[in-house]
Each structure stands twice: as structure tokens, then as C-alpha cells.
Amino acid sequence: IQRGLDMLIIILFIGLLPIDTMNGFLLHNNISLPISVAQVYKSLLLILLVFKIAFRPRFLLYTFFISSILFSPSIYQIFKLGQINHLFPDVIKISRYLTIILSFYFFDDYFQNHRGEKIIFQTVYVSYAVVVINILLKYIGLGYPMYNYDDIGSRGFFFAGNEISVLLLILSAVIGKHLWMKSKYFLYFTIGFLTIFTALTISSKASMIGAIIILVMVPIKRPNINSI
């Protein structure tokens, strides 16, 4: 059961960025739904992550403790101030933090029990492709600009521009490390220069500098671990 649940969760992780892209496309075309597609999808992922850590009581206890702290201001406003209009937005925000925490627990457990499987890297490559394609949509006149004035930069159909910059750097670093450890140098530099070009398209200084640093540092900083 747990192995099947692991695979289902990973498949949902693979679909996260495509779902965010579709959600952004709907909003870009002024198609509003009572509940966004992304919210439903991420709620399903969160439920499965909670169900997964139910098999690990220690993680479940940590999550309950963290959840109690995050929800304490909302509970205070309900009982002391009699305000409940903030509850739904608070639940959405807190669920994002919990998803990050539960994802860490999930992958920590997954790597300990399934070391050597390639699906994690496949997830990274698919996510990288979705991010890059989104950003480069600017060149065919699609997507949102990174900055609202003068139509500068690109963030594809994503709304969170700064987060996309960070995500691009994280994904490219993981891919770069993987390719270099596999001695696939041509692919390494191809991905590296593609990342720099994508960062230039975003027009974020942090992403441009970060992409160059990653390209230079990965060959210098060789990890002392066996390749996966």
C-alpha cells in the first residue's frame, strides 16, 4: 500500500507545475471558478501527504505541533474577537506551509527506503521543462511580464515571479549536479546555458547571477558521494 501511495504522490508532484500553468492560463483569460483547479489539486496532494505520514507517528506528531502553532492566531481571532471571515484565507496560506513541511518528510522517507530509483530525477526534469517553456512563452507573445511596467521580463503563466526564479535555480542545480556526476558534459553545458538564457528572459538579477554561479560552481564543487 505504501509503495503505491508513494508513486501516486510523486505523480501528483510531477503535475504540480502543469496545473499551476493551466490555472494561470484560465485566470489570464478571465475564466474564474468558485474554487481554482490548483487549489483542488494541491488539497488532494496535501491529504495524501497527511495520510502518508500517518504511517510515521513521529512525523505526524511534529506536523500536529507545527499546525497548532500556525493556526493559533486564527483560533484566537475566532474565540476572542468573534471573527471568522479570515478563516478560509488563513487555511489556504497555512496549507501551503504544511505542504512544504510534509513534502520534506515525504522525500526524506522516500530516499531512505527507495534509494536508486530514477523517478525523482524524472520529476525534476519535467518540472524544469515546464518552468523553462513557461518563461520562454514570452517570445511568442504569451504569458505575463515579470514586471508590470514596460512589459519587462517574463514569468509565463505563473503569478509568483520571484518564486519561479528560485525554482529555476534549484531545478537547474539538481540537474546540473546529476549530469556532471554522470559525465554528461555536453548536456550539462547545454542545460547551463539554457538556464542562463531563461534567467535573462525572466529579467531578474538574482536568477541571472544565480544561473551563472551554478554553471561555474558545480564542476568545481564535486560531491563526495556515489552517483544515484
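Throughout, residue positions are numbered sequentially from 1 according to the sequence presented.
Tyr128 and Phe121 have their aromatic ring centers separated by at least 6.0 angstrom.
The cluster map of Ile, Leu, Val, Met, Phe, Trp and Tyr, joined by side-chain heavy atoms under 4.5 Å apart, puts Ile11 and Phe107 in different clusters. Phe13 and Val37 end up in the same hydrophobic cluster when Ile, Leu, Val, Met, Phe, Trp and Tyr side chains are linked at under 4.5 Å. If you chain together hydrophobic residues whose side chains sit under 4.5 Å apart, Val174 and Tyr185 fall into the same group.
With sequence neighbours left out, the side chain to side chain donor-acceptor pair (under 3.5 Å) criterion links Thr198 to no other residue. In terms of the side chain to side chain donor-acceptor pair (under 3.5 Å) criterion, Lys138 has no residue partners (sequence neighbours excluded). Partners of Tyr105 by ring pair (Phe, Tyr, Trp, His ring centres under 6.0 Å), not counting sequence neighbours, listed by chain and number: Phe59. Under the rule for a side chain to side chain donor-acceptor pair (under 3.5 Å), the partners of Thr21 that lie at least two apart in sequence or sit in another chain are Asn134. Residues passing the ring pair (Phe, Tyr, Trp, His ring centres under 6.0 Å) test with Phe104: none are found, sequence neighbours excluded. Scored by the ring pair (Phe, Tyr, Trp, His ring centres under 6.0 Å) test, Tyr139 finds Phe197 as partners (sequence neighbours excluded). For Tyr41, the ring pair (Phe, Tyr, Trp, His ring centres under 6.0 Å) criterion is met by no residue, not counting sequence neighbours. Considering only residues two or more places apart in sequence or on other chains, Ile133 meets the side chain to side chain contact (heavy atoms under 4.5 Å, CB included) condition with none of them.
Here the CG atom belonging to Leu44 is positioned 10.5 Å from the CD1 atom belonging to Ile19, to the nearest 0.5 angstrom. The NZ atom of Lys52 sits 6.5 Å away from atom CD1 of Ile9, with the distance rounded to the nearest 0.5 Å. Residue Ile10 holds its CD1 atom at 5.0 Å from CD1 of Ile119, rounded to the nearest 0.5 Å. With values rounded to the nearest 0.5 angstrom, Leu171 atom CG is found 10.5 Å from Thr123 atom OG1. Interatomic distance, Ser103 OG to Leu16 CG, rounded to the nearest 0.5 Å: 8.0 Å. Between Ser204 atom OG and Leu169 atom CG the span is 8.0 Å, to the nearest 0.5 Å.
Applying the salt bridge (charged side-chain N to carboxylate O under 4.0 Å, His left out) test to residues at least two apart or on different chains, none of the pairs has a partner in residues 191-219. Residue pairs meeting the salt bridge (charged side-chain N to carboxylate O under 4.0 Å, His left out) criterion with at least one member in residues 64-79: none, sequence neighbours excluded. The salt bridge (charged side-chain N to carboxylate O under 4.0 Å, His left out) analysis of residues 185-204, with sequence neighbours excluded, yields no pairs.
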Intermediate values then yes/no, side chain to side chain contact (heavy atoms under 4.5 Å, CB included), Phe157 and Leu142: CA-CA 8 Å; Phe157 284 108; Leu142 298 176; 4.3 Å; yes

Can Tyr125 and His178 be said to form a side chain to side chain contact (heavy atoms under 4.5 Å, CB included), step by step? CA-CA 11 Å; Tyr125 277 95; His178 186 233; 3.4 Å; yes

One pair to check against side chain to side chain contact (heavy atoms under 4.5 Å, CB included): Ile152 and Met146. What are the steps and the verdict? CA-CA 6 Å; Ile152 298 175; Met146 181 66 176; 5.9 Å; no

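Nearest approach of Gly15 to Pro18, heavy atoms of both residues: O-CD, 3.3 Å. Here the closest heavy-atom approach between residue Ala211 and residue Ala199 is recorded as CB-CB, 4.2 Å. Minimum interatomic distance between Ile135 and Ser154 (heavy atoms only, all atoms of both residues): O-OG, 2.7 Å.
Counting heavy atoms from C-beta on, the side chains of Val130 and Phe158 come closer than 4.5 Å. Using a 4.5 Å heavy-atom cutoff, the side chains of Leu17 and Leu167 are in contact. A 4.5 Å side-chain heavy-atom check between Val50 and Leu98 finds every atom pair outside the cut-off. Using a 4.5 Å heavy-atom threshold, the side chains of Thr99 and Lys42 count as separate. Residues Phe106 and Ile53 fail the side-chain proximity criterion, which asks for heavy atoms closer than 4.5 Å.
Side chain of Thr195 to main chain of Ser172: no donor-acceptor pair is present (N/O by atom type, distance under 3.5 Å, no hydrogens or angles). For Arg155 (side chain) and Tyr144 (main-chain N/O), no donor-acceptor pair under 3.5 Å exists by modelled atom type.
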Could you list the donor-acceptor pairs under 3.5 angstrom formed between side-chain atoms of residues 186-194 and any protein atom two or more places apart in sequence or on another chain?
from	atom 1	to	atom 2	distance (Å)
Tyr188	OH	Ile214	O	3.4
Tyr188	OH	Leu215	O	2.7
Thr190	OG1	Phe186	O	2.8

